[in-house]
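A short write-up of the structure that comes next.
Chain letters run A, B, ... following the sequence lines, proteins first and then strands; every chain starts at 1. Values below: all heavy atoms of this structure, side chains included; hydrogens, waters and symmetry mates excluded.
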2 protein chains.
Amino acid sequence: MLPLSQTTGYAVRALQCLQEPGGHPVLVEEVAEYTGIPRSYLSKLIHKLAKKGLVVARRGHHGGVVLARPSTEITLEDLSDAIDGVAWRKRCLMGLLGCGGAAPCVLHEFWQETLEQILARLRSVTLADLVENHDPGVDRFRANHGLAEPASGLPSAHPSSLVEASIH
Amino acid sequence: MLPLSQTTGYAVRALQCLQEPGGHPVLVEEVAEYTGIPRSYLSKLIHKLAKKGLVVARRGHHGGVVLARPSTEITLEDLSDAIDGVAWRKRCLMGLLGCGGAAPCVLHEFWQETLEQILARLRSVTLADLVENHDPGVDRFRANHGLAEPASGLPSAHPSSLVEASIH
DNA sequence: ACGTTAGATTACCGGAAGATCATCATTGAT
DNA sequence: ATCAATGATGATCTTCCGGTAATCTAACGT
């Protein structure tokens with residue numbers, strides 16, 4: 001019922017494993033193994049995110065996936081939109097038929113406000129914030145893949161040596 | 001994603017058609033016809049609500065369904081609990097695995113607070129409030145079935161002549 | 001008793017989300 | 001050119017929710 005879709009959660013977990021734009025691509029396979037997300041399912045998910053311009057995926061030798069934007073510029077709302085779309089924001093809490101502009105239900109206004117609060121939060125939380133949140137084990141994974149420890153309290157800056165480098 | 005289940009909405013619509021405890025039973029058939037809820041599906045729904053002690057259903061001649069408690073004492077939370085259960089309240093917004101007491105995610109606290117607000121609302125809104133809200137057409141239906149116009153601003157009192165009368 | 005009028009119950013259909021498997025298609029290395 | 005690495009894709013499966021249809025069964029009037 002209430003929470004975001006499970007797949008949006010997958011997206012969060014998966015993107016935490018990726019490098020900033022210009023960094024080294026990480027294999028879908030590795031991300032799948034680490035996160036526990038089924039490989040093939042993850043592949044489709046990544047593809048969806050790629051179409052939305054959130055990540056860049058390359059096939060073949062030395063392929064893999066990299067963030068398309070700095071993690072500080074990817075919000076939870078971006079992920080939710082990309083995966084679950086936006087339709088759910090318009091539905092009445094109780095799914096009442098007539099509920100709308102003309103005849104709002106008792107909870108219409110309350111629900112609109114609540115939704116707005118939630119969306120504001122989704123908008124304000126970035127992938128960088130989530131990485132910083134120490135999803136247990138992500139640190140280890142990131143270390144193994146040459147990713148910086150998130151600097152506490154600071155936006156997780158990407159090493160400048162990687163920023164401008166092409167994806168290879 | 002976010003809203004309550006469609007079936008909970010059904011329950012709201014359906015119970016708006018019923019009489020206060022002691023009143024005349026209304027047929028599932030009639031409720032189905034009026035609300036547009038499929039008869040057989042509604043039957044199951046009503047049965048579920050009956051098992052939870054929210055309505056009383058009787059079979060056979062002059063059977064039908066009546067509220068088991070005054071509409072002022074049936075909250076949206078009661079309906080939501082009866083139909084969707086309570087498990088969803090415990091899930092992490094993003095479905096993150098480790099999110100819990102030890103390692104809450106960035107949105108854990110926010111989400112807990114938001115949920116609490118929502119539940120407080122569900123708890124404070126009663127069936128009587130919803131009836132008063134003039135779901136368009138419910139008035140007509142209720143009139144046809146001898147139900148009082150909800151007295152604006154007052155708890156919808158049930159005629160004392162019906163209060164103590166047995167269900168027949 | 002019996003038959004009619006209800007609700008209850010059982011079995012099944014259909015779509016969406018999540019998941020799996022096998023296979024295809026692209027890319028870089030040689 | 002060829003091959004191996006790697007993401008993309010299509011078919012299929014499962015589960016859950018919503019919905020349908022047929023049938024069973026309790027309650028009352030006669």
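The side-chain heavy atoms of A/Leu127 and A/Leu67, taken from C-beta on, include a pair separated by under 4.5 Å. Between B/Arg13 and A/Leu96 there is a side-chain heavy-atom pair separated by less than 4.5 Å. Side-chain contact between B/Ser71 and B/Val131 is absent, with no heavy atoms from C-beta onward closer than 4.5 Å. By the 4.5 Å heavy-atom criterion applied to side chains, A/Leu15 and A/Leu49 are counted as neighbours. Contact annotation: the side chain of A/Cys105 approaches that of A/Met94 to within less than 4.5 Å [non-hydrogen atoms, C-beta and beyond].
Which of C/dG7, D/dG7, D/dG29 sits closest to the side chain of B/His62 comes down to D/dG29.
Computed from coordinates, the B/Arg91 CZ to D/dC16 C1' distance equals 12 Å when rounded to whole Å. Across the protein-nucleic acid pair, A/Arg59 atom CZ and C/dT27 atom C1' stand 9 Å apart, rounded to whole Å. When the P atom of C/dA16 is taken as reference, atom NZ of A/Lys48 falls 13 Å away, rounded to whole Å. Computed from coordinates, the A/Leu4 CG to C/dG18 C1' distance equals 16 Å when rounded to whole Å. What separates CD of A/Glu30 from P of D/dA5 is a distance of 14 Å, to the nearest Å. Going from atom NE2 of B/His24 over to atom C1' of D/dC28 covers 16 Å, rounded to whole Å. One atom, NE2 of A/His61, and another, P of D/dT2, lie 17 Å apart when rounded to the nearest Å. The CD-C1' distance, from B/Glu29 to D/dT20, rounds to 14 Å in whole Å.
Distance check, rounded to the nearest 0.5 Å: CG of B/Leu122 to CG of A/Leu93 gives 6.5 Å. A distance of 12.5 Å separates CG in A/Leu54 from NZ in A/Lys48, rounded to the nearest 0.5 Å.
Remark: the backbone N or O of A/Thr126 is paired with a side-chain donor or acceptor of A/Asp129 at under 3.5 angstrom. At least one donor-acceptor pair under 3.5 Å links the side chain of B/Thr35 to the backbone N or O of B/Val31.
Within the 4.0 Å cut-off from OP1 or OP2 of C/dT9, at least one side-chain nitrogen or oxygen of B/His47 is found. For A/Arg58, a side-chain nitrogen or oxygen approaches OP1 or OP2 of C/dG28 to under 4.0 Å.
Using a 4.0 Å cut-off between charged nitrogen and carboxylate oxygen, A/Arg121 and B/Glu109 do not count as a salt-bridge pair.
Within residues 5-12 of chain A, no residue has a heavy atom under 4.0 Å from DNA chain D. A heavy atom closer than 4.0 Å to some atom of DNA chain C occurs in A/Pro38, A/Ser40, A/Tyr41, A/Lys44, these being the qualifying members of residues 35-44 of chain A.
Fit an axis to the five pairs at each end of the helix from C/dA1-D/dT30 to C/dT30-D/dA1 and the two axes sit 10° apart, to the nearest 10 degrees.
Considering B/Val12, B/Leu79, B/Val55, B/Leu18 as possible partners of B/Ile74, the one that fulfils the side-chain contact (heavy atoms from CB on, under 4.5 Å) test is B/Leu79.
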